[in-house]
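Chain A is the first sequence line, chain B the second, and so forth, proteins listed ahead of strands; every chain is numbered from 1. All values below come from the heavy atoms of this structure, side chains included, with hydrogens, waters and symmetry mates left out.
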Protein chains: 2
Amino acid sequence: MALSALFLDIFRANALLVASGDELVAPLGLTSARWQVLGTVAMAPTPQPVAHIARDMGLARQSVQRLVNELAEAGLVDLRDNPHHKRAKLICLSEAGRHSFDAIHKLQRPWVDGLAEGLETEKIAIAAEVLQSLRARLEQRLGDQAE
Amino acid sequence: MALSALFLDIFRANALLVASGDELVAPLGLTSARWQVLGTVAMAPTPQPVAHIARDMGLARQSVQRLVNELAEAGLVDLRDNPHHKRAKLICLSEAGRHSFDAIHKLQRPWVDGLAEGLETEKIAIAAEVLQSLRARLEQRLGDQAE
DNA sequence: ACCGTTTTGACAGCATACTGTCAATTCAAC
DNA sequence: GTTGAATTGACAGTATGCTGTCAAAACGGT
């Protein structure tokens, strides 16, 4: 079955992307996971609490919680008081975090451009479509049993 | 950039596939990772040592080592003496392992069929092609720096 | 206003994958 | 044949993700 083969490709691509991402941002003292959290925080139109970021990223709340705690300890994000909730602090970039994020951007663009070179845009779009369709089905099935 | 978006889709699809796989084989007391190792062992034309299986799967040697040790402890695989290497035992399925593998197959087929339903085969093929191309590029780049 | 439900972060523990290091073994070059 | 390089498994440690449980806080229906 073609789909089973695709699964293996997804596993490998995922592993390689994480490894390559780690390598890419290592000079900045970051990792793939922290970079992704930092990016989500940076892109949010307004500071969000951890649980909201986790939903945005499709990760478990506690995974993001730990990463945010580490980023806060590293001084890359600040925990701002939330007027609407005493415990759920709002996460926003610190000065250093903004710096790191900008530096990542400069590294990321040529990296992605190099990877994309020679790949047909339409095929990338089709691949994304297939993965999103897969995602929807998997999420629905997991939801069926969990809730 | 379209490719960056695809990366996020790959991350999510990977996480969901692992979670769904865990759920699928949980009744058999297995996990996604062990299932994949078991499958690789079962599919090998002849019993292979751990390091060879790891290369087959694109995983680090030690990751597979641990999983194989656990599978051996669970009695699903046997470690057969290797006439060509005193330390590198050959991994092969035990009776129980063969049983589990057959049971997995029966579970897996309807699951995959259900997921594939409505997906166009050509699009799946294109997605696989994109991911393989991506894999080749990422592997090459990582290799550049590591070796 | 009150009480039950939901959300949230803290804490603890597990599974998976990675890396680095070491000793035993095999292999290859000479 | 001997010696140096590569392979292999054991052991230890790290990063990421998950889950479960708990108490504090917020929310909602009555």
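From H105(A), atom NE2 reaches atom CG of L107(A) across 11.5 Å, with rounding to the nearest 0.5 Å. Rounding to the nearest 0.5 Å places NE2 of H52(B) at 12.5 Å from CD1 of I91(B).
Between the side chain of N82(A) and the backbone N or O of H84(A), at least one donor-acceptor pair lies under 3.5 Å.
The side chain of N69(A) contributes no N or O atom lying less than 4.0 Å from OP1 or OP2 of dG9(C). Note on R61(B): every side-chain N or O is 4.0 Å or more away from OP1 and OP2 of dG20(C). Between R34(B) and dT16(C) there is a side-chain polar atom (N or O) within less than 4.0 angstrom of OP1 or OP2. Of the side-chain N and O atoms in Q65(B), one or more sit less than 4.0 angstrom from OP1 or OP2 of dA10(D). Applying the 4.0 Å criterion to OP1 and OP2 of dT16(C), one finds that S63(B) has every side-chain N and O outside that range.
Closest to the R87(A) side chain, of the nucleotides dA24(D), dT16(D), dG9(D), is dA24(D). The side chain of A33(A) lies closest to dG17(D) when the candidates are dC18(C), dT16(C), dG17(D). When each of dT26(C), dG17(D), dC18(C) is scored by its nearest atom to the side-chain atoms of L59(A), the top-ranked nucleotide is dG17(D).
Projected onto DNA chain D by closest heavy-atom contact, S32(A) and H52(B) fall at different nucleotides, the more 5' of which corresponds to H52(B). Mapping K89(A) and A15(A) onto DNA chain C via the closest heavy atom, the residue that lands nearer the 5' end is K89(A).
Residue T31(B) is in sugar-phosphate contact alone, with no base atom involved, counting any heavy-atom pair closer than 4.0 Å across all strands shown. Within the nucleic acid shown, V18(A) has no heavy atom closer than 4.0 Å to any nucleic acid atom.
Between the side chains of R137(B) and S133(B), at least one donor N or O sits under 3.5 Å from an acceptor N or O.
Under the 4.5 Å side-chain heavy-atom criterion for grouping Ile, Leu, Val, Met, Phe, Trp and Tyr, L6(B) is connected to L138(A) within one hydrophobic cluster.
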**Request:** Could you please spell out the steps behind the side-chain hydrogen bond (donor to acceptor under 3.5 Å, both in side chains) verdict for D22(A) and S32(A)?
**Result:** CA-CA 5 Å; D22(A) 281 346; S32(A) 275; 3.3 Å; yes

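Whole-Å rounding puts the N82(A) CG to dG9(C) C1' distance at 13 Å. Distance, L67(A) CG to dA15(D) C1': 9 Å, rounded to whole Å. Atom CD in E70(B) sits about 8 Å away from atom C1' in dA15(C), given to the nearest Å. Between the CG atom of D81(B) and the P atom of dT26(C) there is a distance of 12 Å, given to the nearest Å. In this structure, R66(A) atom CZ and dA12(C) atom C1' are separated by 13 Å, rounded to whole Å. If you take NE2 of H85(B) and C1' of dT26(C), they are 5 Å apart, rounded to a whole angstrom. As a whole-Å value, the separation of L79(B) CG from dT8(D) C1' is 14 Å. The CD1-P distance, from I53(B) to dT7(D), rounds to 17 Å in whole Å.
Contact of Q62(B) with dA17(C) (side chain to base): no donor-acceptor pair of N or O atoms is detected under 3.5 Å.
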